[in-house]
> 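Dumping the structure here so I can ask a few things about it.
In this chain, numbering begins with 1 at the start of the sequence shown. It should be emphasised that the depicted structure is a prediction, and the values quoted were computed from it without experimental measurement.
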Amino acid sequence: MADNLTMRHRPRLAVTFTIALLILSTIVFAVAFSATSLSESALSPAIDAQSYATEVAAALADALASEGETLIEVFQCSICHVMGEGRVAPSFTGMADRAEARRQPLSAAQYLYESIVSPGAYLVEGYANAMPGNFADRLTQTEIGHIIAYLLSISGGVSD
């Protein structure tokens, strides 16, 4: 009789265990999803007027806009940052104008530097964090300076 009673409780125990495991998995998924769904710009550390100042000054010391334009072609940046209507990423047109006020207290050059070396630190509203995050490793400081010099040379009235 004891064996008969145990046999009847085993399915209930299995069902209860399965339900508990399902609930636990759902909670873990919900926590993980909400943590990764937070905007990276909301998680970025506080910045001050000196953020990136040394790096940017060194990168721009001998920077040439023409070299930056070439690097943008080599790395195919225009695929996402199209001139004119940026759909995947902010447009290069007018970037110098927008960069100046985009992320105060950073200067335009500092903001562009941060956008290249740490693209998820600040996200422009309406755009996903789609830029490759390894340009800090793939580019030299001099190359970053060339790119910034080129981007600062582009003016125009497109907003995004």
Side-chain angles (χ1 to χ4, degrees), residues 21-160:
L21 189 58
L22 182 61
I23 290 170
L24 181 63
S25 297
T26 302
I27 292 170
V28 168
F29 175 77
V31 168
F33 179 78
S34 65
T36 58
S37 295
L38 290 175
S39 167
E40 287 190 39
S41 59
L43 300 174
S44 67
I47 56 173
D48 60 37
Q50 295 302 310
S51 296
Y52 310 114
T54 304
E55 296 91 343
V56 172
L60 289 174
D62 295 316
L64 301 170
S66 59
E67 290 291 324
E69 184 175 18
T70 300
L71 287 166
I72 282 175
E73 290 173 21
V74 168
F75 286 98
Q76 301 177 335
C77 302
S78 293
I79 290 173
C80 296
H81 294 279
V82 294
M83 300 299 274
E85 292 292 322
R87 301 264 187 249
V88 176
S91 169
F92 283 152
T93 303
M95 185 162 292
D97 302 326
R98 293 187 314 276
E100 191 63 42
R102 182 73 82 194
R103 185 150 151 82
Q104 295 296 320
L106 296 181
S107 68
Q110 290 170 325
Y111 166 72
L112 294 171
Y113 180 85
E114 179 184 68
S115 296
I116 294 168
V117 301
S118 185
Y122 175 82
L123 299 176
V124 174
E125 187 176 333
Y127 294 101
N129 187 9
M131 186 161 154
N134 63 350
F135 281 120
D137 298 326
R138 295 172 62 191
L139 299 168
T140 66
Q141 288 293 345
T142 302
E143 290 172 325
I144 292 170
H146 293 321
I147 292 170
I148 292 170
Y150 172 68
L151 294 175
L152 290 174
S153 74
I154 302 171
S155 60
V158 175
S159 63
D160 54 16

> Heavy-atom count check: over 12 atoms from other residues, nucleotides or ligands less than 6.0 Å from Glu73 CD?
yes
> Could you pull out the closest heavy-atom pair between Pro119 and Ile116, with the gap in Å?
CD-O, 3.8 Å
> Heavy atoms only: give me the nearest Met95-Leu112 pair and the separation to one decimal.
SD-CD2, 3.6 Å
> How close do Val124 and Pro90 get, counting heavy atoms only, and between which atoms?
CG2-CG, 4.0 Å
> Out of curiosity, Leu64 CG to Ile147 CD1, how far, rounded to the nearest 0.5 Å?
12.5 Å
> Looking only at atom types and distance, does a side-chain atom of Ser118 sit under 3.5 Å from a main-chain N or O of Glu114, one as donor and one as acceptor?
no
> Taking C-beta and beyond as the side chain, do Phe92 and Cys77 meet within less than 4.5 Å on heavy atoms?
yes
> Should Leu139 and Phe75 be marked as a side chain to side chain contact (heavy atoms under 4.5 Å, CB included) after you check the CA-CA gap, both sets of side-chain angles, and the distance that decides it?
CA-CA 10 Å; Leu139 299 168; Phe75 286 98; 3.3 Å; yes
> Would His81 and Met131 count as a side chain to side chain contact (heavy atoms under 4.5 Å, CB included) here? Give the steps.
CA-CA 10 Å; His81 294 279; Met131 186 161 154; 4.1 Å; yes
> If you look at every heavy atom in Ala89 and Tyr127, which pair is closest and at what distance?
C-CE2, 3.5 Å
> Any idea which heavy atoms bring Ala108 and Glu100 closest together, and the distance?
CB-OE1, 3.4 Å
> Taking all heavy atoms of Ser78 and all of Ile72, pick out the closest pair and write down the distance.
OG-CG2, 3.8 Å
> So, using side-chain contact (heavy atoms from CB on, under 4.5 Å) as the criterion, who are the partners of Thr142 when residues are at least two apart?
Thr140, His146
> Looking at Thr93, is its backbone amide N or carbonyl O close enough to the side chain of Arg98 to form a donor-acceptor pair, meaning the two atoms are under 3.5 Å apart?
yes
> If I take atom CG from residue Leu151 and atom CD from residue Glu69, how far apart are they, to the nearest 0.5 angstrom?
10.5 Å
> Any side-chain heavy atom of Arg103 within less than 4.5 Å of one from Gln110?
no
> State which residues pass side-chain hydrogen bond (donor to acceptor under 3.5 Å, both in side chains) with Gln141; sequence neighbours excluded, sorted by chain then number.
Tyr113
> side-chain contact (heavy atoms from CB on, under 4.5 Å) with Ser153: which residues, sequence neighbours excluded?
Ala65, Tyr150
